[in-house]
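Residue numbers begin at 1 in each chain, while the letters A, B, ... track the order of the sequences.
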Amino acid sequence: MKNEIMTKGYEPKDVEDRLYEYWEKNNLFVADARSDDDPFCIVIPPPNVTGTLHMGHALNNTLQDILCRYKRMKGYNVLWQPGTDHAGIATQNVVEKDLTSKGTDRHAVGREKFVGMVWEWREKYGGLIINQLKRLGCSCDWTRERFTMDKGLSEAVREVFVSLYEEGLIYRGDYIINWCPRCHTALAELEVEHEETESHLYYIRYPFEKHDGHLVVATTRPETLLGDTAVAVNPEDKRYKDLSGANVLLPVLNKPIPVIFDKYVDTEFGTGALKITPAHDPNDFEIGNIHKLERIKVIDEDGKMNGQAGPYEGLDRFECRKRILDDLDEAGLLEKIEPYRNAIGHCYRCKTMIEPLLSKQWFVKVSPLAEEAMQAVKEGKTRIHPANWETVYFEWMKNIRDWCVSRQIWWGHRIPAWYCRECGEVSVAKVEPSNCKACQSDNLVQETDVLDTWFSSALWPFSTLGWPLLTRELKTFYPTSALVTGFDILFFWVARMMMMGLHFMGDVPFKDVYIHALVRDAEGKKMSKSKGNVIDPLVIMDEFGTDAFRFTLAAMAAQGRDIKLSEERITGYRHFVNKLWNAARLVLINLDSKGNLKVNERIYSLPDLWILTRIGQVSEDFSRAIDEYRFNDAAGLCYDFVWHEFCDWYLEMAKQGLYGADQTLRDSTMATAQEVLTAALKLLHPFMPFVTEEIWQKLPETRGSIMTAKFPEPADFASDEDSIEKMGLLMGCITGIRNIRGEMNISPSTRVKVVLDVHQEDEADVLRDNLGHIQALAKAEEITIGFGIPKPEGSASVVFGHNQAHVVLKGLLDFEQERERIRKEIVKIEKDISASNKKLSNKGFLKKAPAEIVAKVREKVETLSIKLTKLNQNLSFFEAIDD
RNA sequence: AGGCACGUAGCUCAGGGGGAGAGCACUACCCUGACACGGUAGGGGUCAAGGGUUCAAAUCCCUUCGUGCCUACCA
């Protein structure tokens, strides 16, 4: 690969797969649990096995990869722990869909066989997302890949479940779930589609038990009134303040139920009186809990009215609604009906209306765990970046409710609880018990529910490192260094990892949490398949190359902001990749001169010193930015440095040395160019792993992979603070001359005569020493330098610092145009000066502003005044001339 | 409804109390021996509106308008 001629443009396709293979083959991603180096560990947010790479993954994993590659080069012992999540419902759905297309379903297949089929599916397709992560360049230690349902992690899950149960932190209780009466399954919130539906609001009279009159209640679901156990009103509501202790009679059933007071009730809505059906409405369930109301289930798992429904038993819930309305009307209890629109939950699969149903579920009692988790962030053991997310975290932790961890699906960790068929005793154990601990019966049956997928995800930072075994990995890498994730799963996942980590490891799971932006489409909408607005990262990578794509994501990942991805922006960064490639090409083409330069022979020209000083500064700023998770700043630093300093100025000036006859100068220039290019490659490697590695391996003085190279530090480079100012003078001079050329429309091929009227000896020296550069970059010839040289006839002038450059344009100069140019400049400067003078004449400013600010403004006025004087002189010079 | 963000150049976005910035697009001139995915120069903004704090506000505070997201959804 060495010394191979580089192609004119960078072709990512030829490079990416080959280099990724090279890294993997050389075990460059593999972490060493026995190393004494400082550890740096990130656990990947495990993508669903059913997942395909989307923009969210791309951003999330690019940022993690940047951190990992950076830390490796900084000498850390890096472990990026990868793996996938079994994603209970999502995965089960994929296989069920397959069964449906074959005209069968999971119930026909049976549990055991069905679960077997899911495993088969996972074997076959579960690696898709992993390969896509590799395509993105992720440097995960794939030798340690884990799965939330593999043997070790399943053991961790059981261990945790049993411990929490034994500590009394897991219990079984009643809960309202979303039930589909047609599919016969509970649905997660995510699987419920809320649809705006035309409906009705029924006003029903509930007569008072002890006196005349009635309370009117508004409801959209009259059939549930059979299960009412109270009517609630707001305690602030003056209309109902006398009803304390009163009962009303439940219509149809004529059963007395109490009137209760609860702030939850909205006085503005309906009549301000709310019927409470704890067994069939989630909110009513909550209120029922607070007021210790009886829960009466009147609808069964088929959506039919049960024995508690009295005369309506056996009716379908919708049929029952009709009948009950008729009966109410007949009894004079139906006051009115209003049309109403509301969002009703439907089954995402069969569109059947969801029935909120009371059932027994398993819960984790989270408040003691949450308290610890909150404390850890307050004490700074875990820091959340950007910090404003800490508020959100605290808010949620404060209002946390017990966590319902049971799910009525088949794919997942089956809850390790066994019921005795003889006596009903519940045994929770790591391994299946042979006998009931109460009655010794061996007639046991295991709980059919599985655990919420987030239960195993909550253990991820330590279960992947080998827990419950006390492995070396655990010792070396726990607590992990950073967690990188989107805010959408701050609660689902981050908070729960905090709780579990603290509880079972006695320490936080990670020291830093970096919350990154969400990638949205051009309209700012969340990308989703149903909206059809997804941009496929793989398509982008094919079109633009992985490096350009990654760089774009990083450059746009400003903290806490959403990213609206635009292809134009990616195009811009693809150009940047190409620019880097061609800078390297320039260096490589001139390698004939890499030479036998001895260290003490090396010459440091002003541009050399300047660019070396700059790369040192940039290295420092870059590291600080990454350490503070300011990815966009780090990206911007590299971009500006490589393009606008290294390429635009340094390499252009280097050509002087490269194409000249002086061998030592050529060798020195090449030495600096190579040194800076190499350093820039290292800075950019975390962002653009492929192109940087490819160039690295073509450079003659590099060995192995750039991945193992030492990251640049300011101390690595020759440094000269003065070079910054001197170079500024030189650049100002060149820019000034170019400015005139541009404005006057002088063809680039035309060489111009330049007279430099200089103010100070030391500045004159700088310009004299770099005459060649001025000639080359400003396309000048015959440069004269002197003090107080009069403005030559037919010249346009520009002021830089305290100096002037007169560009002699005899014959080419349009006097009117030049007058106009100067006037324009004068107006601008006068405005600037007067603004500054206004500040300086403000006593408050002089008194209260920091001295350095005042000095700066003074200096500015001084500089601008000199410039103004010179401009005015030049203007009068031209005004004296008749066209 | 509540909470949290955000309104900066035509577009996509940085910046964040003391000189309005970048990329793309646009204009002019250039295929100059790394790169036309390039070079040089240029045009373009009341930093949403109004008020306040301050010597100084695009930046901090308040209000309004607009946009987006997250919760909760009104029975």
Legend entry - Atom-pair distance (OH on A:Y639; P on B:A14), nearest Å: 16 Å
Inset, instruction - Remember a base hit wins even if backbone is also touched, and classify A:D640 as base, sugar-phosphate or nothing at under 4.0 Å, heavy atoms. - result: nothing
Inset, instruction - Compare the minimum distances between each of B:C37, B:C29, B:A34 and the side chain of A:N582, then state the nucleotide with the smallest one. - result: B:A34
Inset, instruction - Among the candidates B:A28, B:U54, B:A34, find the nucleotide nearest to the side-chain atoms of A:N745. - result: B:A28
Inset, instruction - Hey, which sits more toward the 5' end of RNA chain B by its nearest nucleotide, A:K856 or A:E11? - result: A:K856
Inset, instruction - Classify the nucleic acid contact of A:T571 as base, sugar-phosphate or nothing, counting any heavy atom under 4.0 Å across all strands shown. - result: nothing
Inset, instruction - Answer with base, sugar-phosphate or nothing: what part of the nucleic acid does A:R738 contact at a heavy-atom distance below 4.0 Å? - result: sugar-phosphate
Legend entry - Nearest-angstrom distance, P atom, B:U59 to B:U54: 16 Å
Legend entry - B:U27 versus B:A57 - spacing of their C1' atoms, nearest Å: 34 Å
Legend entry - Under 4.0 angstrom between A:N283 side-chain N/O and B:C73 OP1 or OP2: yes
Inset, instruction - Please check if any side-chain donor atom of A:E338 sits under 3.5 Å from a side-chain acceptor atom of A:Y203, or the reverse. - result: yes
Legend entry - Within 6.0 angstrom of A:E859 CD, more than 12 heavy atoms from elsewhere: no
Inset, instruction - Ignoring backbone atoms, test whether A:W649 places a side-chain nitrogen or oxygen under 4.0 Å from the OP1 or OP2 oxygen of B:G39. - result: no
Inset, instruction - Compare the ring of A:Y573 with the six-membered ring in the base of B:G23 and state whether they stack (centres under 5.5 Å, planes under 30°). - result: no
Inset, instruction - Write down the distance between CG (A:D832) and P (B:A20), rounded to a whole number of angstrom. - result: 8 Å
Legend entry - Given B:G19, B:A14, B:C35, the nucleotide with the shortest approach to the side chain of A:E652: B:C35
Legend entry - Candidate list A:F646, A:Y573, A:F622, test ring-ring contact (aromatic ring centres under 6.0 Å, His included), partner A:Y639, passing option: A:Y573
Inset, instruction - Looking only at side-chain atoms of A:K655, point me to the closest of B:C29, B:G18, B:A34. - result: B:A34
Legend entry - Nearest-angstrom distance, P atom, B:C13 to B:G7: 11 Å
Legend entry - Heavy-atom closest pair, residues A:I734 and A:H773: CD1-O, 4.0 Å
Legend entry - Atom-to-atom span, CD of A:Q775 to C1' of B:U40 - whole angstrom: 18 Å
Inset, instruction - Write down the distance separating the C1' atoms in B:A5 and B:G44, rounded off to the nearest Å. - result: 29 Å
Legend entry - Distance in angstrom units between A:W493 CH2 and B:C70 P, rounded: 20 Å
Legend entry - Polar side-chain atom of A:D547 near backbone of A:F690 as donor-acceptor pair, under 3.5 Å: yes
Inset, instruction - Round to the nearest Å and state the distance from A:E781 atom CD to B:U32 atom P. - result: 19 Å
Inset, instruction - Grab the CD1-P distance between A:I746 and B:A28 for me, whole Å please. - result: 18 Å
Legend entry - Proximal nucleotide (of B:C55, B:G42, B:C35) relative to the A:A849 side chain: B:C55
Legend entry - Closest listed nucleotide, where the reference is the side chain of A:K839 and the choices are B:G43, B:A34, B:G19: B:G19
Inset, instruction - Give the rounded distance in Å between these two atoms: CG of A:L586 and P of B:G33. - result: 12 Å
Inset, instruction - Would you kindly say whether A:N234 and A:Y264 are connected by a side-chain donor-acceptor distance under 3.5 Å? - result: no
Legend entry - Touch class at under 4.0 angstrom, heavy-atom based, for A:K579 against every strand present: base
Inset, instruction - Calculate, to the nearest 0.5 Å, the distance between atoms CG and CD1 belonging to A:D262 and A:I287 respectively. - result: 5.0 Å
Inset, instruction - Could you please name the option among B:A22, B:G18, B:A41 that lies closest to any side-chain atom of A:R569? - result: B:A22
Legend entry - A:I853, nearest nucleotide to its side chain (from B:A34, B:U32, B:G18): B:G18
Inset, instruction - Using the P atoms only, state how far B:G39 lies from B:C24, rounded to an integer number of Å. - result: 9 Å
Legend entry - From A:K856 atom NZ to A:S836 atom OG, the distance as rounded to the nearest 0.5 Å: 11.0 Å
Inset, instruction - Quick one: label A:V217 by what it contacts on the DNA or RNA (base, sugar-phosphate, nothing), any heavy atom closer than 4.0 Å. - result: nothing
Inset, instruction - Quote, to the nearest angstrom, the P distance that separates B:A9 from B:A20. - result: 16 Å
Inset, instruction - Using only side-chain N and O atoms of A:K8, determine if any of them is under 4.0 Å from OP1 or OP2 of B:G38. - result: no
Legend entry - Value rounded to 0.5 Å, distance of CG in A:L293 from CD1 in A:I257: 9.5 Å
Inset, instruction - Starting at atom CD of A:E743, determine the distance to atom P of B:C29, rounded to an integer number of angstrom. - result: 14 Å
Legend entry - Same-atom distance (C1') from B:C62 to B:C55, integer angstrom: 22 Å
Legend entry - Below 4.0 Å: OP1/OP2 of B:G23 and any side-chain N or O of A:H644: yes
Inset, instruction - Starting at the 5' end of RNA chain B, write a dot or bracket for each base, bracketing those in Watson-Crick or G-U wobble pairs whose two distances are under 3.5 Å and using | for partners on another strand. - result: ((((((((.[[[[.)..(..]]]].(((((.......))))).....[[[[[..)....]]]]])))))))....
Inset, instruction - Could you list the residues that satisfy side-chain hydrogen bond (donor to acceptor under 3.5 Å, both in side chains) with A:E223, not counting sequence neighbours? - result: A:R221, A:R321
Legend entry - Lys/Arg-Asp/Glu bridge criterion (N-O < 4.0 Å) met for A:K13, A:E11: no
Inset, instruction - Name the closest nucleotide to the A:H575 side chain, picking from B:C37, B:C55, B:A14. - result: B:C37
Inset, instruction - Consider the side chain of A:M556, meaning its heavy atoms from C-beta on, and name the nucleotide among B:G38, B:U12, B:C55 that approaches it most closely. - result: B:U12
Legend entry - C1' atoms of B:A22 and B:U64, separation to the nearest Å: 32 Å
Inset, instruction - Could you pick out which residue, A:T271 or A:A555, lies toward the 5' side of RNA chain B when each is mapped onto its nearest nucleotide? - result: A:A555
Legend entry - Touch class at under 4.0 angstrom, heavy-atom based, for A:S749 against every strand present: nothing
Inset, instruction - Give a yes/no on whether any side-chain N or O of A:N578 is located under 4.0 angstrom from OP1 or OP2 of B:G38. - result: no
